[in-house]
Amino acid sequence: MKFDFHCHSNFSDGKLSPYELIDYAIEREIELLALTDHDSVDGLCLAHEYIRNNNLGIKLVDGIEISALTEFGEIHVVGLGIDRKNTQLINRLKLQQEQRWIRAEEYAEKLAKIGVKGIFEHLQQSAIKVVTRSHIANAIIELNYAKDMDQAFKRFIGKQGKVKVAKNWMSLGEAIFLIKQAGGLAVLAHPTRYPLSNRKLSYLIESFASQGGHAIELSYPSLNKDKMEWLKLHAEKNQLLASSGSDFHYPDLRWTDLGRFPMLDSSIAHVFDKIKLAI
Ligand code: AMP
Ligand code: MN
Ligand code: MN
Ligand code: MN
């Protein structure tokens with residue numbers, strides 16, 4: 001059964017609407033899809049409606065990707081199989097969404113000081129639901145301060161960029177707690193994309209497991225075989241399940257397409273088995 005447990009719609013920084021995303025998934029013969037927007041569950045309702053109204057064969061897993069802070073810096077926690085109507089989760093996400101707008105304004109102020117002007121006004125005029133750095137990068141490009149996403153992140157808002165803004169996300173413990181109390185599985189997203197040494201990454205995985213996390217992404221685009229083996233050992237050591245997902249954002253983004261990631265062998269238990277039972 002073809003599946004993908006990590007992707008975005010235009011309810012965060014993806015470009016497809018939930019409808020278009022479902023159509024795109026069906027085109028790619030995906031039968032089980034988790035929509036995991038940044039800090040938002042709002043696209044799920046529309047995706048379910050679309051599937052129901054059109055009698056489509058695809059199954060949707062309710063998901064989320066929460067930004068969280070740890071002693072090792074910012075990380076992303078995917079929640080799979082959550083109750084999208086859970087009030088505690090929704091209320092906390094609302095605060096984090098507000099925090100995202102405060103942060104966007106801070107980015108805009110700091111960018112203006114180095115000559116990149118008009119970013120916040122541009123964001124306000126765009127139809128944005130949950131504002132992310134992807135939207136800020138987009139504004140930088142549209143206002144002609146960078147030629148593409150790569151340059152916008154490298155020059156301005158990426159890890160090595162000129163502009164730094166303090167993050168004010170919930171803690172890792174809170175993100176795991178919220179996902180669990182909403183009935184979901186907490187998954188450490190794309191572990192090799194954080195700027196951490198192997199030693200720190202192994203501490204992060206340990207800390208994630210000890211705070212009640214269930215699983216870790218072991219298969220996603222850009223993860224090489226050696227690193228995957230390394231992660232698998234650490235997953236086993238910490239009794240974490242495996243998860244897989246493309247982190248798809250939009251069709252023309254070269255490095256990731258919906259449903260495309262290496263297959264994992266069956267030597268490690270996968271969240272797929274639990275999720276399939278639950279739907
Ligand atoms: P935020 O959660 O607001 O910090 O935004 C993070 C999002 O920005 C990620 O989910 C990616 O979609 C995007 N992103 C981060 N770094 C890069 C990069 N170097 N190039 C393109 N997109 C990026
Ligand atoms: Mn994103
Ligand atoms: Mn992420
Ligand atoms: Mn993602």
Side-chain angles (χ1 to χ4, degrees), residues 4-16 21 34-40 43 63-70 72-80 93 96-108 110-111 119-120 123 126 128-141 146-170 172 175 179 186-196 204 208 215-223 243-258 261:
D4 193 329
F5 288 162
H6 187 154
C7 68
H8 299 273
S9 76
N10 63 1
F11 274 72
S12 63
D13 59 350
K15 289 195 184 161
L16 302 186
L21 182 70
L35 170 56
T36 56
D37 271 317
H38 294 287
D39 295 329
S40 169
I64 180 90
E65 181 174 15
I66 300 181
S67 294
L69 279 181
T70 73
F72 309 103
E74 173 190 33
I75 66 155
H76 290 174
V77 186
V78 162
L80 297 174
L93 291 176
Q96 190 132 309
Q97 289 165 14
E98 283 165 22
Q99 188 52 49
R100 281 184 167 276
W101 277 108
I102 295 170
R103 168 182 178 253
E105 196 165 8
E106 280 172 23
Y107 266 117
K110 290 195 173 170
L111 282 163
I119 296 297
F120 197 67
L123 291 174
S126 319
I128 294 171
K129 288 163 184 113
V130 171
V131 69
T132 69
R133 273 184 302 154
S134 306
H135 297 102
I136 301 173
N138 223 29
I140 292 173
I141 297 163
K147 70 170 166 43
D148 55 25
M149 292 294 263
D150 240 25
Q151 200 177 62
F153 273 93
K154 269 198 194 116
R155 281 201 186 151
F156 301 113
I157 58 172
K159 281 161 209 146
Q160 321 294 341
K162 285 191 195 119
V163 175
K164 298 269 180 288
V165 168
K167 294 161 180 103
N168 202 3
W169 309 135
M170 66 180 82
L172 171 59
I179 290 168
V187 184
L188 179 59
H190 44 61
T192 54
R193 285 202 204 129
Y194 311 121
L196 298 176
L204 169 63
F208 180 80
I216 178 168
E217 287 185 347
L218 291 188
S219 169
Y220 45 94
S222 82
L223 180 65
S243 186
S244 320
S246 63
D247 202 4
F248 171 80
H249 283 71
Y250 46 92
D252 49 338
L253 196 61
R254 279 167 290 117
W255 53 277
T256 169
D257 197 9
L258 201 63
F261 43 81

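All ligand and atom numbering here is 1-based and tracks the order in the structure. Worth saying up front: this structure is predicted, and the values here are computed from it rather than measured.
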- Message: Taking 4.0 Å as the limit for heavy-atom contacts, which would you say applies to Asp13 with ligand 1: side chain only, backbone only, both, or neither?
- Response: side chain
- side-chain contact (heavy atoms from CB on, under 4.5 Å) evaluation trace for Leu188 with Phe208: CA-CA 7 Å; Leu188 179 59; Phe208 180 80; 3.9 Å; yes
- Query: What part of Lys154, side chain, backbone, both or neither, has a heavy atom within less than 4.0 angstrom of ligand 1?
  - Reply: neither
- So, does Thr256 use its side chain to make a donor-acceptor pair with the main chain of Ser246 at under 3.5 Å? yes
- Item | Short side-chain donor-acceptor distance under 3.5 Å, Gln96 and Asp39 | yes
- Query: If we ignore angles and hydrogens, is there a donor and acceptor under 3.5 Å between the side chains of His190 and Glu65?
  - Reply: yes
- Heteroatom proximity flag, Trp169 to ligand 1, N/O under 3.5 Å: no
- Message: If only side-chain N and O atoms count, and only distance matters, is there a donor-acceptor pair under 3.5 Å linking Trp169 with Gln99?
- Response: no
- Between Trp101 and Phe120, how do the two ring planes meet: parallel, tilted or perpendicular, split at 30° and 60°? perpendicular
- Message: Just verifying a value: how many Å separate Ile64 CD1 and Leu80 CG, rounded to the nearest 0.5 Å?
- Response: 11.0 Å
- At the Mn ion (ligand 2), NE2 of His249 and OD2 of Asp13 open up to roughly (10° bins) 100°
- Query: Ignoring waters, how many protein N/O/S atoms are under 2.8 Å from the Mn ion (ligand 3)?
  - Reply: 3
- Task: Provide the number and element of each atom of ligand 1 under 4.0 Å from a heavy atom of Arg100.
- Result: 1 (P), 2 (O), 3 (O)
- Message: Which of the numbered atoms in ligand 1 are under 4.0 angstrom from any heavy atom belonging to His249?
- Response: 10 (O), 12 (O)
- Message: Under a 3.5 Å distance rule, please check whether His249 uses its side chain to pair with a backbone N or O of His8 as donor and acceptor.
- Response: no
- Note on the structure: When distances are taken from atom 22 (N) of ligand 1, the protein heavy atom at minimum range is Phe153 CE1, 3.3 Å
- Task: Please indicate whether any nitrogen or oxygen in Arg103 is less than 3.5 Å from any nitrogen or oxygen in ligand 1.
- Result: yes
- Item | Polar proximity ligand 1 side, His76 side, N/O cut 3.5 Å exclusive | no
- Would Ser9 and Asp37 satisfy side chain to side chain donor-acceptor pair (under 3.5 Å), going step by step from the backbone distance to the final call? CA-CA 6 Å; Ser9 76; Asp37 271 317; 2.6 Å; yes
- Message: With respect to Ser134, determine whether any N or O atom, backbone or side chain, lies less than 3.5 Å from an N or O atom of ligand 1.
- Response: yes
- Hey, does Lys167 sit under 4.0 Å from ligand 1 if you only count heavy atoms? no
- Message: Using a 3.5 Å distance criterion without hydrogens, assess whether the side chain of Lys167 forms a donor-acceptor pair with backbone atoms of Leu69.
- Response: no
- Message: Just to confirm my output: which protein heavy-atom neighbour is closest to atom 5 (O) of ligand 1, and how far is it?
- Response: Arg133 N, 3.4 Å
- Proximity of His38 to ligand 1 by residue part, where a heavy atom lies under 4.0 Å: side chain
- Task: From the options Lys154, Arg155, Met149, select the one residue that forms a side chain to side chain contact (heavy atoms under 4.5 Å, CB included) with Gln151.
- Result: Arg155
- Task: Please indicate whether Lys129 has more than 12 foreign heavy atoms, meaning atoms of other residues, nucleotides or ligands, lying under 6.0 Å from its NZ.
- Result: yes
- Message: As an exercise, identify every atom of ligand 1 less than 4.0 angstrom from a heavy atom of Thr132.
- Response: 3 (O), 5 (O)
- Any donor-acceptor pair under 3.5 Å linking the side chain of Tyr107 with the backbone of Ile102? no
